[in-house]
Chemist: 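Starting off with a structure, shown below.
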Amino acid sequence: MAEVLVYVDHVDGAVRKPTLELLTLARRIGEPVAVHLGAGADAAAPVLAEYGAVKVLTADAPEFADYLVVPKVDALAAAYQAVSPAAVLVPSSAEGKEIAARLAVRIGSGIITDAVDLEAGDEGPVATQSVFAASYSTKSRVTKGTPVITVKPNSAAPEAAPAAGIVEQLAVSFGELSTGTKVVSRTPRESTGRPELTEAAIVVSGGRGVNGAENFPLIEALADSLGAAVGASRAAVDAGWYPHTNQVGQTGKAVSPQLYIAAGISGAIQHRAGMQTSKTIVAINKDAEAPIFELVDYGVVGDLFEVVPQLTDEVKSRKG
């Protein structure tokens with residue numbers, strides 16, 4: 001069976017959920033070979049093996065941490081040369097898509113971004129994408145070279161499938177451009193204790209209808225009762241009510257949770273582009289004609305200042 005390269009997204013060896021999803025999808029089209037770059041390979045390898053990696057290619061060098069994405073592209077290109085895979089899978093984060101695009105150019109292959117499903121085809125892997133505000137699903141395949149595919153988080157449920165997970169060192173030669181952009185400082189992001197927005201199974205977002213930063217604790221309280229991440233529309237972010245890092249939409253982050261709750265969000269196309277692939281969508285809005293209701297699975301026409309606290313209390317009651 002052909003091998004499939006899977007780029008490992010991790011924090012010092014703590015493997016992030018999107019990578020486990022990629023390993024699950026990779027098993028549909030071949031044998032997963034994980035590529036772990038940076039520190040922590042010893043901790044990551046058993047986890048990667050548990051979820052199906054037949055091999056784990058590892059490389060550690062200061063360049064991976066000290067410079068931007070080019071050293072990682074160099075390493076992934078080296079893995080490509082060593083394995084000759086049937087496909088390369090990368091998480092659909094901002095960094096992941098840049099790595100994938102640079103790799104596709106480097107190896108002369110086509111690229112598919114933001115896939116939400118993956119299956120084997122007679123002429124290579126077939127990726128499903130959700131397009132035009134979730135109005136259509138398309139199936140695509142790369143017709144030139146080895147497919148490079150980025151996959152949205154929460155596109156598949158991680159499934160354990162223990163494999164050998166043989167660890168091998170990957171020899172990497174860094175090109176002249178790899179040190180072109182240096183990281184000069186880092187500021188740790190303050191932890192809220194909530195899930196990462198793009199990886200969360202549940203997201204609760206607030207929009208213009210929240211009517212001020214002082215009212216966002218209503219959204220946070222509902223999110224915390226559900227163990228959810230907090231999002232915000234562009235209108236709320238532009239007004240300074242919530243950090244830009246939490247913006248969901250075309251110019252923010254794209255999310256695909258199992259449950260998305262939109263409170264006080266009208267549903268402009270810009271916002272819909274960032275959450276349209278959510279599995280179940282619930283909207284709370286006092287305007288019965290709001291565009292968001294065209295997209296939802298469940299809609300509540302009502303004042304969020306009345307509905308959200310009641311919903312929060314009900315969730316807490318059922319959990320308690």
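Keep in mind the model is a prediction, meaning the values are calculated, not measured.
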Chemist: I'd like to know if the side chain of His271 reaches the main chain of Val248, judged simply by a donor and an acceptor atom lying under 3.5 Å from each other, with no hydrogens or angles considered.
Modeler: yes
Chemist: Does Arg27 use its side chain to pair, donor to acceptor, with the backbone of Tyr51 at less than 3.5 Å?
Modeler: yes
Chemist: What closest approach, in Å, do Ala86 and Ala2 show between heavy atoms, and which atom pair accounts for it?
Modeler: CB-CB, 3.6 Å
Chemist: According to a 4.5 Å side-chain heavy-atom criterion applied to Ile, Leu, Val, Met, Phe, Trp and Tyr, with indirect links allowed, do Phe305 and Trp241 form part of one hydrophobic cluster?
Modeler: yes
Chemist: Nearest 0.5 Å please: distance from the OG1 atom of Thr113 over to the CD1 atom of Ile111.
Modeler: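 Between atom OG1 of Thr113 and atom CD1 of Ile111 there are 6.5 Å.
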Chemist: May I ask you to test the Pro18-Glu199 pair for a side-chain heavy-atom distance under 4.5 Å?
Modeler: yes
Chemist: Please confirm whether the backbone N or O of Ala232 pairs with a side-chain atom of Asn246, one donor and one acceptor, at under 3.5 Å?
Modeler: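 Such a contact is absent between Asn246 side chain and Ala232 backbone.
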Chemist: Does the ring centre of Phe293 sit less than 6.0 Å away from the ring centre of Tyr298?
Modeler: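 They do not qualify: ring centres at least 6.0 Å apart.
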Chemist: Between Pro309 and Leu218, what is the shortest heavy-atom contact and its length?
Modeler: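 Answer, listing the atom of Pro309 first, then Leu218: CG-CD2, 3.8 Å.
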Chemist: Calculate, to the nearest 0.5 Å, the distance between atoms OH and OG belonging to Tyr7 and Ser93 respectively.
Modeler: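 The OG atom of Ser93 is 8.0 Å from OH of Tyr7, to the nearest 0.5 Å.
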Chemist: Taking side-chain hydrogen bond (donor to acceptor under 3.5 Å, both in side chains) as the criterion, tell me which of Arg318, Lys316, Gln310 meets it with Glu314.
Modeler: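 It is Arg318; the other options fail the test.
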Chemist: Could you check if a side-chain atom of Glu119 sits within less than 4.5 angstrom of a side-chain atom of Lys139, using non-hydrogen atoms only?
Modeler: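 Yes, at least one pair of side-chain atoms sits under 4.5 Å.
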Chemist: Just do the side-chain contact (heavy atoms from CB on, under 4.5 Å) check on Leu68 and Val183 with the steps written out, would you?
Modeler: CA-CA 7 Å; Leu68 291 186; Val183 178; 3.8 Å; yes
Chemist: Would a 4.5 Å heavy-atom cut-off, applied to side chains only, mark Ile261 and Ile284 as touching?
Modeler: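 Ile261 reaches Ile284 side chain to side chain.
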Chemist: Do any N or O atoms from the side chain of Thr19 and from the backbone of Asp9 form a donor-acceptor pair under 3.5 angstrom?
Modeler: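 Yes.
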Chemist: Quick one: do Glu220 and Arg194 satisfy side-chain contact (heavy atoms from CB on, under 4.5 Å)? Show the steps, please.
Modeler: CA-CA 10 Å; Glu220 293 175 331; Arg194 301 186 183 100; 3.4 Å; yes
Chemist: Side chains of Thr128 and Leu118: closer than 4.5 Å at any heavy-atom pair?
Modeler: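 No, too far: nothing below the 4.5 Å cut-off.
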Chemist: What do the steps show when you test Glu63 against Lys72 for salt bridge (Lys or Arg N to Asp or Glu O under 4.0 Å), and what is the final call?
Modeler: CA-CA 8 Å; Glu63 284 84 353; Lys72 296 174 183 177; over 6 Å; no
Chemist: Hey, is Arg28 close enough to Asp117 for a salt bridge, meaning N to O under 4.0 Å?
Modeler: yes
Chemist: Could you check whether Gln270 and Thr251, counting side-chain N and O atoms only, form a donor-acceptor pair closer than 3.5 Å?
Modeler: yes
Chemist: Just do the side-chain contact (heavy atoms from CB on, under 4.5 Å) check on Gln258 and Thr280 with the steps written out, would you?
Modeler: CA-CA 6 Å; Gln258 296 296 316; Thr280 301; over 6 Å; no
Chemist: Compare every heavy atom of Ala263 with every heavy atom of Val308, then report the nearest pair and how far apart it is.
Modeler: CG2-CB, 4.2 Å
Chemist: Under the side chain to side chain contact (heavy atoms under 4.5 Å, CB included) test against Leu222, which residue among Ile202, Val307, Val230, Val204 passes?
Modeler: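 One option only clears the test, and that one is Val204.
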Chemist: So if you build clusters from Ile, Leu, Val, Met, Phe, Trp, Tyr with side-chain heavy-atom gaps below 4.5 Å, do Val237 and Val210 land together?
Modeler: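 Different hydrophobic clusters.
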Chemist: Would you compute the distance between atom CG of Leu48 and atom NE2 of His10 and round it to the nearest 0.5 angstrom?
Modeler: 9.0 Å
Chemist: Could you tell me whether Asp66 atom CG has more than 12 heavy atoms of other residues or ligands within 6.0 Å of it?
Modeler: yes
Chemist: I'd like to check Val35 versus Leu37 (side-chain heavy atoms, cut-off strictly below 4.5 Å). Are they in contact?
Modeler: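 They are in side-chain contact.
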Chemist: According to the interplanar angle, ranging from 0 to 90°, do the rings of Phe216 and Tyr242 count as parallel (below 30°), tilted (30 to 60°) or perpendicular (above 60°)?
Modeler: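 Taking Tyr242 first and then Phe216, their aromatic rings lie parallel (interplane angle under 30°).
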Chemist: Kindly compute the distance separating CG (Asn285) from CG (Asp303), expressed to the nearest 0.5 Å.
Modeler: 10.0 Å
Chemist: Any salt bridge between Glu196 and Lys253, counting N to O under 4.0 Å?
Modeler: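 Yes.
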Chemist: State, to 0.1 Å, how close Ala41 and Thr58 come at their nearest heavy-atom pair, and which atoms those are.
Modeler: CB-CG2, 3.7 Å
Chemist: At their closest point, which heavy atom of Gly206 faces which heavy atom of Ala236, and how far apart are they?
Modeler: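 Reported closest heavy-atom pair: O-CB, 3.9 Å.
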Chemist: A side-chain contact here means heavy atoms from C-beta on lying under 4.5 Å apart; do Pro291 and Arg272 qualify?
Modeler: yes
Chemist: Just wondering, more than 12 heavy atoms not from Lys17 lying within 6.0 Å of its NZ?
Modeler: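 Above 12, so yes.
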Chemist: Distance-only, no hydrogens or angles: does the Thr150 side chain make a donor-acceptor pair with backbone N or O of Ser92 under 3.5 Å?
Modeler: no
Chemist: Decide side-chain contact (heavy atoms from CB on, under 4.5 Å) for Leu5 and Leu89; before the verdict, give the C-alpha distance in whole Å, the side-chain angles of both, and the deciding distance to 0.1 Å.
Modeler: CA-CA 6 Å; Leu5 284 183; Leu89 305 185; over 6 Å; no
Chemist: Report yes or no: do Val142 and Val148 belong to one cluster of Ile/Leu/Val/Met/Phe/Trp/Tyr joined by side chain heavy-atom distances under 4.5 Å?
Modeler: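 No, it is not one cluster - the side chains of Val142 and Val148 are not joined through contacts under 4.5 Å.
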Chemist: With side chains defined as the heavy atoms from C-beta onward, is the minimum distance between Pro91 and Leu22 less than 4.5 Å?
Modeler: yes
Chemist: For Tyr260 and Ser205, test the side chains for any donor-to-acceptor distance below 3.5 angstrom and give the result as yes or no.
Modeler: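 Present: a donor and an acceptor within the cut-off.
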Chemist: Give, for atom OG1 of Thr192 and atom CG of Asp224, the distance between the pair rounded to the nearest 0.5 Å.
Modeler: 8.0 Å
Chemist: Answer yes or no: does atom CD of Glu176 have more than 12 heavy-atom neighbours from other residues, nucleotides or ligands under 6.0 Å?
Modeler: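 Counting neighbours around CD of Glu176, 12 or fewer heavy atoms of other residues, nucleotides or ligands fall under 6.0 Å, so no.
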Chemist: Salt bridge or not between Lys97 and Asp114? Use side-chain N to carboxylate O under 4.0 Å.
Modeler: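 Counted as a salt bridge, because a side-chain N and a carboxylate O are separated by less than 4.0 Å.
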Chemist: Main chain of Ile281, side chain of Ser278: is a donor-acceptor contact present, judged purely on distance under 3.5 Å?
Modeler: no
Chemist: Is it possible for you to say whether Val73 and Leu170 belong to one hydrophobic cluster, with membership spreading through side-chain heavy-atom contacts below 4.5 Å?
Modeler: yes
Chemist: If you group Ile, Leu, Val, Met, Phe, Trp and Tyr by side-chain heavy-atom gaps below 4.5 Å, do Leu304 and Leu226 land in one group?
Modeler: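 Hydrophobic grouping puts Leu304 with Leu226.
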Chemist: Does Lys144 have more than 12 heavy atoms from other residues, nucleotides or ligands lying within 6.0 Å of its NZ?
Modeler: no
Chemist: Considering non-hydrogen atoms only, spot the tightest contact between Lys319 and Ser225 and give its length.
Modeler: NZ-O, 2.6 Å
Chemist: Salt bridge or not for Glu31 and Lys55, using N-O below 4.0 Å?
Modeler: no
Chemist: Is a side-chain donor or acceptor of Asp12 paired with a backbone partner of Gly40 at a separation under 3.5 angstrom?
Modeler: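 No; judged by distance alone, with no hydrogens or angles, the pair does not exist.
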Chemist: Enter the distance from Ser155:OG to Leu25:CG here, rounded to the nearest 0.5 Å.
Modeler: 7.0 Å
Chemist: Thr24 side chain to Leu20 main-chain N or O, any donor-acceptor pair under 3.5 Å?
Modeler: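 Checked: pair present.
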Chemist: Does a side-chain heavy-atom distance below 4.5 Å link Leu76 with Arg106?
Modeler: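 In short, these two side chains do not touch, never coming nearer than 4.5 Å.
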